[in-house]
Amino acid sequence: MADAQLAELLERIKRQQPIAIGLDLYRDLPVEPGHKTLLKVFETTPNLIGVHKVIASADSSAVAAPSILKQHDQVGANDLIIDADGKIRRAPISLHDQKSGESVFSFGFTLAAFYLQQKGVPVGLTPDNLVKAGTVVFPAFSRNDGGYVGADAGGYQTMLNYRGKCSAFKRSQ
């Protein structure tokens with residue numbers, strides 16, 4: 001998708017006056033035509049949260065965030081933690097950026113925190129450095145939690161609690 005099309009789409013979304021807009025699309029390089037227009041949309045959309053890939057792996061590289069969104073602290077990492085069997089059972093709340101050495105909040109958490117704060121729900125840390133949203137405290141995953149033994153517990157992870165009947169989720173056999 002050209003930057004001009006993405007800019008037009010984001011402008012249409014902005015007209016609906018959403019509390020937050022999540023853009024889970026890598027946009028570290030220009031896709032002409034319309035790059036300058038897209039940069040202007042990024043600059044003028046304070047409720048837009050973009051993504052970047054923090055963790056490089058054997059099959060993928062790190063991907064930078066759009067610089068304007070990064071400057072305004074409007075990005076989150078969209079890396080996932082995939083278990084050896086290919087399942088996703090843990091969600092990162094924050095990750096360690098290998099390049100900068102900084103802790104980076106995940107895309108999902110950044111977007112949810114922005115939304116909650118706009119609704120008057122405080123998001124922050126407890127005295128023992130656990131993440132808290134309103135009265136909910138997100139327990140930090142430890143390397144031997146649940147059925148895990150010696151798992152990578154880097155960053156700040158929490159166990160997922162999928163809700164709903166099994167039939168509500170797509171499954172592969």
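Sequence positions, counted from 1, serve as the residue numbers for this chain. Worth knowing before you read on, the calculation uses all heavy atoms, side chains too, and leaves out hydrogens, waters and symmetry mates. What you are looking at is a predicted structure, and each value in this text was computed from that prediction instead of being measured.
- Within the 4.5 Å cutoff, the side chain of Ile21 has heavy atoms near those of the Lys14 side chain.
- A donor-acceptor pair is defined here as one N or O able to donate and one able to accept, closer than 3.5 Å; such a pair exists between the side chain of Gln5 and the backbone of Ala2.
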Given salt bridge (charged side-chain N to carboxylate O under 4.0 Å, His left out), test Arg90 with Asp83 step by step and report yes or no. CA-CA 9 Å; Arg90 298 172 280 160; Asp83 287 341; 2.8 Å; yes

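- Residues Leu130 and Phe138 fail the side-chain proximity criterion, which asks for heavy atoms closer than 4.5 Å.
- For Tyr26, there are no ring-ring contact (aromatic ring centres under 6.0 Å, His included) partners at least two apart in sequence or on another chain.
- Connection of Met159 to Ile82 is not established within any shared hydrophobic cluster, with ILVMFWY side chains joined at heavy-atom distances below 4.5 Å, either directly or through further cluster members.
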Please determine whether salt bridge (charged side-chain N to carboxylate O under 4.0 Å, His left out) holds for the pair Glu8 and Arg12, giving the CA-CA distance in whole Å, both sets of side-chain angles, and the decisive distance to 0.1 Å. CA-CA 6 Å; Glu8 181 182 338; Arg12 284 184 183 187; 3.2 Å; yes

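- Of all heavy-atom pairs between Gln74 and Pro46, the closest is NE2-O, 3.6 Å.
- Within a 6.0 Å radius of CD in Gln17, no more than 12 heavy atoms belonging to other residues, nucleotides or ligands are found.
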Lys36/Asp3 under salt bridge (charged side-chain N to carboxylate O under 4.0 Å, His left out): CA gap, chis, key distance, verdict: CA-CA 8 Å; Lys36 286 183 182 178; Asp3 286 350; over 6 Å; no

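- Note on Ile88: it does not cluster hydrophobically with Tyr156, by side-chain heavy-atom contacts below 4.5 Å among ILVMFWY residues.
- Using modelled atom types, no side-chain atom of Thr37 and backbone atom of Ala4 make a donor-acceptor pair closer than 3.5 Å.
- Checked against side chain to side chain donor-acceptor pair (under 3.5 Å), Asp85 has the following partners two or more places apart in sequence or in another chain: Arg89.
- No donor-acceptor distance shorter than 3.5 angstrom exists from the side chain of Asp97 to the backbone of Val104, with no hydrogens or angles considered.
- Asn78 places no side-chain N or O within 3.5 Å of a backbone atom of Asp24 that could act as its donor or acceptor partner.
- Residues Val123 and Phe109 are in side-chain contact: their nearest non-hydrogen atoms beyond the backbone lie under 4.5 Å apart.
- Distance alone, capped at 3.5 Å, places no donor-acceptor pair between the Gln71 side chain and the Pro66 backbone.
- Taken together through direct or relayed side-chain contacts under 4.5 Å among Ile, Leu, Val, Met, Phe, Trp and Tyr, Phe42 and Leu29 form parts of separate hydrophobic clusters.
- Formation of a donor-acceptor pair under 3.5 Å by the Ser100 side chain with backbone atoms of Glu102 is found in this model.
- Counting only heavy atoms from C-beta outward, the side chains of Ser106 and Asp79 never approach each other to under 4.5 Å.
- Leu10 is listed as a side-chain neighbour of Leu48, based on a closest heavy-atom distance under 4.5 Å.
- The backbone N or O of Gly34 sits less than 3.5 Å from a side-chain atom of Glu32, completing a donor-acceptor pair.
- Counting only heavy atoms from C-beta outward, the side chains of Ile49 and Leu23 never approach each other to under 4.5 Å.
- Under the 4.5 Å side-chain heavy-atom criterion for ILVMFWY residues, no single connected hydrophobic cluster contains both Phe105 and Val75.
- Side chains of Asp28 and His52 form no contact here, defined as non-hydrogen atoms less than 4.5 Å apart.
- In this model, a donor atom of one side chain and an acceptor atom of the other lie less than 3.5 Å apart for Asp128 and Thr126.
- Remark: aromatic rings of Tyr148 and Phe141 are close, center separation under 6.0 Å.
- In this structure, Phe114 and Thr110 have side chains that are not in contact, with every pair of non-hydrogen atoms separated by 4.5 Å or more.
- Grouping the Ile, Leu, Val, Met, Phe, Trp and Tyr side chains by contacts below 4.5 angstrom, directly or via other members, places Ile68 apart from Val63.
- Qualifying side chain to side chain donor-acceptor pair (under 3.5 Å) partners for Asp73, counting only residues two or more places apart in sequence or in other chains: none.
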